[in-house]
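None of the values given here were measured: they were computed from a predicted structure.
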Amino acid sequence: MQPETDAPLASLTTLRLGGPARRLHTATTTDAVLATVRAADEQGIPLLVLGGGSNLVVGDDGFPGDVLRIATTGLRVDGTDVSVEAGVPWDDVVTAAVAAGLSGIECLAGIPGSAGATPVQNVGAYGQEVAETIASVEVYDRTERAPRTLTAAECGFTYRHSVFKGDDRYVVLRVRFRLRDDAGRSAPIRYAELARTLGVEPGERVPVEAARAAVLGLRRGKGMVLDPADHDTWSAGSFFTNPILTHDAFADLTARAARHLGPDVTPPRYPSGADHVKTSAAWLIERAGFPKGYGQGRARISTKHTLALTNRGRASTEDLLSLAREVRDGVHATFGVTLINEPVLINAKL
């Protein structure tokens with residue numbers, strides 16, 4: 001495995017942004033992954049682990065160290081257990097599970113990136129998230145300098161977060177999912193938009209393939225299925241997470257919305273534990289004055305999906321971050337809510 005020097009990273013991310021890596025290693029086996037990580041640690045070289053590049057914003061100056069691109073392969077279905085190497089494209093995992101008639105991840109179809117990245121941010125969409133089905137995650141522990149297997153509980157999953165996010169201690173090697181065999185039926189449909197698309201009530205089940213197909217259709221309509229010819233898909237997916245607020249903070253948001261939009265307008269609210277409420281980042285962004293297609297430069301809000309910030313071609317990372325700051329600050333000025341970025345920023349600051 002010969003590393004590439006001064007290797008461009010933009011082509012390895014879905015945003016198509018970012019400067020070069022000092023060296024780029026592409027590992028197709030677990031042994032090669034371990035060798036690269038150990039060598040970097042022993043030599044004190046900064047290391048960035050890269051999967052599908054779908055949740056990264058790489059700075060224009062690139063990464064001043066080694067980048068390890070994990071390209072391992074291997075997917076095994078054993079009853080309701082699905083074991084997958086970190087480098088396998090995530091949608092291949094969903095496709096295999098659906099083909100086996102297993103439920104639990106069918107609503108996560110079409111999400112770009114690698115399987116090993118899904119535990120990092122607890123990937124979720126359309127009423128499902130991987131934390132519900134992950135049985136264990138095999139990792140290399142850079143602190144202990146040894147492989148480990150973490151249970152789902154040890155992964156510390158919360159909304160779009162885990163022990164892996166924002167901490168480079170663990171390198172994900174493979175993930176084991178425990179799905180359900182419900183005679184080819186999906187998990188109960190939780191997401192209202194998906195239920196309407198399928199023509200069922202929330203809580204009903206449909207064939208897993210029907211759920212997957214409906215999700216793919218919805219995602220394509222929002223520019224969330226990769227298409228090189230469609231600049232609306234040149235994004236990192238949803239750039240901001242949905243805010244989770246205390247009841248007092250949500251009451252303040254409601255009051256601000258009434259003053260700004262009128263007394264009959266109230267923000268969306270969804271339960272999030274006993275002490276918090278989740279609201280919609282897209283709702284806040286649109287009503288703070290940032291509609292679909294907003295922007296004049298090379299980075300703009302998607303014309304199909306308010307939460308996606310897109311590279312319209314020849315954008316720089318700073319172009320994208322400037323737009324993100326404008327949206328974040330505008331939402332805060334209008335509603336008093338600070339939006340949090342979902343992608344990981346590498347050698348870049350919002």
Side-chain angles (χ1 to χ4, degrees), residues 107-108 111 121-132 156-162 165 186-205 211 214-215 218-219 221-224 235-292 294 301-302 304-309 324-343 350:
C107 296
L108 304 180
I111 295 176
Q121 66 168 25
N122 186 15
V123 163
Y126 294 101
Q128 292 181 346
E129 57 186 20
V130 292
E132 298 169 328
F157 291 124
T158 56
Y159 175 63
R160 301 297 176 268
H161 207 273
S162 69
K165 191 170 183 178
S186 70
I189 302 298
R190 299 173 183 167
Y191 201 78
E193 181 186 25
L194 179 57
R196 288 194 299 271
T197 300
L198 289 164
V200 300
E201 293 296 321
E204 292 187 36
R205 300 172 185 263
V215 166
L218 288 170
R219 290 185 65 85
K222 298 175 182 179
M224 289 294 186
S235 77
S238 296
F239 196 90
F240 296 107
T241 59
N242 289 322
I244 296 178
L245 308 174
T246 64
H247 291 290
D248 287 345
F250 186 79
D252 179 67
L253 167 60
T254 301
R256 288 172 180 259
R259 291 196 298 270
H260 182 69
L261 303 171
D264 296 329
V265 178
T266 57
R269 61 176 297 162
Y270 311 98
S272 183
D275 301 322
H276 292 83
V277 174
K278 184 192 296 185
T279 193
S280 167
W283 190 94
L284 296 172
I285 291 169
E286 290 176 357
R287 284 154 184 81
F290 305 101
K292 296 181 182 72
Y294 177 87
I301 293 177
S302 166
K304 300 181 180 75
H305 186 27
T306 308
L307 284 180
L309 307 187
R325 294 184 197 108
E326 183 183 2
V327 171
R328 179 197 62 189
D329 295 347
V331 168
H332 186 270
T334 304
F335 295 115
V337 175
T338 300
L339 296 179
I340 304 298
N341 54 288
E342 185 169 332
L350 187 57

Write down the atom of [X], the atom of [Y], and the distance for their closest heavy-atom approach.
| X | Y | result |
| --- | --- | --- |
| Ala257 | Val265 | CB-O, 4.2 Å |
| Thr197 | Ala214 | CG2-CB, 4.1 Å |
| Ala125 | Ile111 | CB-CD1, 4.1 Å |
| Gly127 | Arg190 | O-NH1, 2.8 Å |
| Ala282 | Leu307 | N-CD2, 3.7 Å |

Between the side chain of [X] and the main-chain N/O of [Y], is any donor-acceptor distance below 3.5 Å?
| X | Y | value |
| --- | --- | --- |
| Arg160 | Gln121 | no |
| Asn242 | Ala281 | yes |
| Asn122 | Thr158 | yes |

How far does [atom1] of [X] sit from [atom2] of [Y], to the nearest 0.5 angstrom?
| X | Y | atom1 | atom2 | result |
| --- | --- | --- | --- | --- |
| Thr334 | Ile285 | OG1 | CD1 | 11.5 Å |
| Leu218 | Met224 | CG | CE | 12.0 Å |
| Leu194 | Ser186 | CG | OG | 8.0 Å |
| Ser238 | Lys222 | OG | NZ | 8.5 Å |
| Thr254 | Arg259 | OG1 | CZ | 10.5 Å |
| Thr338 | Leu284 | OG1 | CG | 11.0 Å |

Please enumerate all residues that pass side-chain contact (heavy atoms from CB on, under 4.5 Å) together with Ala324, with sequence neighbours excluded. Phe239, Phe240, Leu309, Leu350
Could you go step by step and tell me if Glu129 and Phe157 meet the side-chain contact (heavy atoms from CB on, under 4.5 Å) rule? CA-CA 10 Å; Glu129 57 186 20; Phe157 291 124; over 6 Å; no
For [X], enumerate each residue passing the ring-ring contact (aromatic ring centres under 6.0 Å, His included) test, keeping only those at least two apart in sequence or located in another chain.
| X | answer |
| --- | --- |
| His332 | none |
| Phe250 | none |
| Tyr191 | Tyr126 |

State, with a plain yes or no, whether a side-chain heavy atom of [X] is found less than 4.5 Å away from one of [Y].
| X | Y | answer |
| --- | --- | --- |
| Glu286 | Pro291 | no |
| Ile189 | Glu204 | no |
| Pro243 | Leu339 | yes |
| His247 | Arg269 | yes |

Between Thr279 and Val337, does a side-chain contact (heavy atoms from CB on, under 4.5 Å) hold up when you go through it step by step? CA-CA 10 Å; Thr279 193; Val337 175; 5.7 Å; no
Contacts of type salt bridge (Lys or Arg N to Asp or Glu O under 4.0 Å), residue Arg325, not counting sequence neighbours: Glu318
Is Glu193 atom CD crowded by more than 12 heavy atoms from other residues, nucleotides or ligands, each under 6.0 Å away? yes
Tell me, which pairs form a ring-ring contact (aromatic ring centres under 6.0 Å, His included) where one or both residues lie in residues 259-284, sequence neighbours left out? His260-Phe335, Trp283-Phe335
